[in-house]
Amino acid sequence: MYLVSKDKNAIVNMSQITVVYLGADNCTIKADYQNGKGCQLGRYNSEAAARMAIDIIATNMGKMEVCFMPEDSAVNAKINIAEQRQHHISGKKTKGHGGS
């Protein structure tokens, strides 16, 4: 599988990558090659967005030969969907049934 960086300036052969991880700032996604060198795959506005981007990449691995780093709009849409699942449409807490 090949992964195209977010800025579209690099194509990374994932078979040569040992690890994909969040950088020290928790907003950057980086990858390390087998030879010890590394590269930056993308930068996002928040840690939550960067973690969601990694989730999207992991979901797409093995499904396609070429994968692109998710754009901010796709990451934000997926975060919004995840947040909506936790709240009732009216914005109020969902009512629990049973228990004390």
Value rounded to 0.5 Å, distance of [atom1] in [X] from [atom2] in [Y]:
X: Ile56; Y: Phe68; atom1: CD1; atom2: CZ; value: 14.5 Å
X: Leu22; Y: Ile54; atom1: CG; atom2: CD1; value: 4.0 Å
X: Asp7; Y: Arg43; atom1: CG; atom2: CZ; value: 12.5 Å
X: Thr28; Y: Gln40; atom1: OG1; atom2: CD; value: 4.5 Å

Compare every heavy atom of Val75 with every heavy atom of Pro70, then report the nearest pair and how far apart it is.
->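 Here Pro70 and Val75 meet closest at CB-CG2, 3.7 Å.
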So do the side chains of [X] and [Y] get within less than 4.5 Å of each other, counting heavy atoms only?
X: Leu41; Y: Lys6; answer: no
X: Gln16; Y: Asn35; answer: no
X: Ser5; Y: Val12; answer: no
X: Tyr33; Y: Ile17; answer: yes
X: Asn60; Y: Met1; answer: no
X: Ile81; Y: Lys78; answer: no

Tyr2, OH: over 12 other non-hydrogen atoms inside 6.0 angstrom =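 No, not enclosed.
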Does atom NZ of Lys8 have more than 12 heavy-atom neighbours from other groups under 6.0 Å away?
->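 Atom NZ in Lys8 is packed in, count exceeds 12.
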Look at the side chain of Gln34 and the backbone N and O of Ser15, then say whether any donor-acceptor pair between them is shorter than 3.5 Å.
->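 Yes, the answer is positive, given that a donor and an acceptor are paired below the 3.5 Å cut-off.
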Joint hydrophobic cluster, [X] plus [Y], side-chain heavy atoms closer than 4.5 Å:
X: Tyr21; Y: Met14; answer: no
X: Ile79; Y: Met69; answer: yes
X: Leu3; Y: Val20; answer: yes

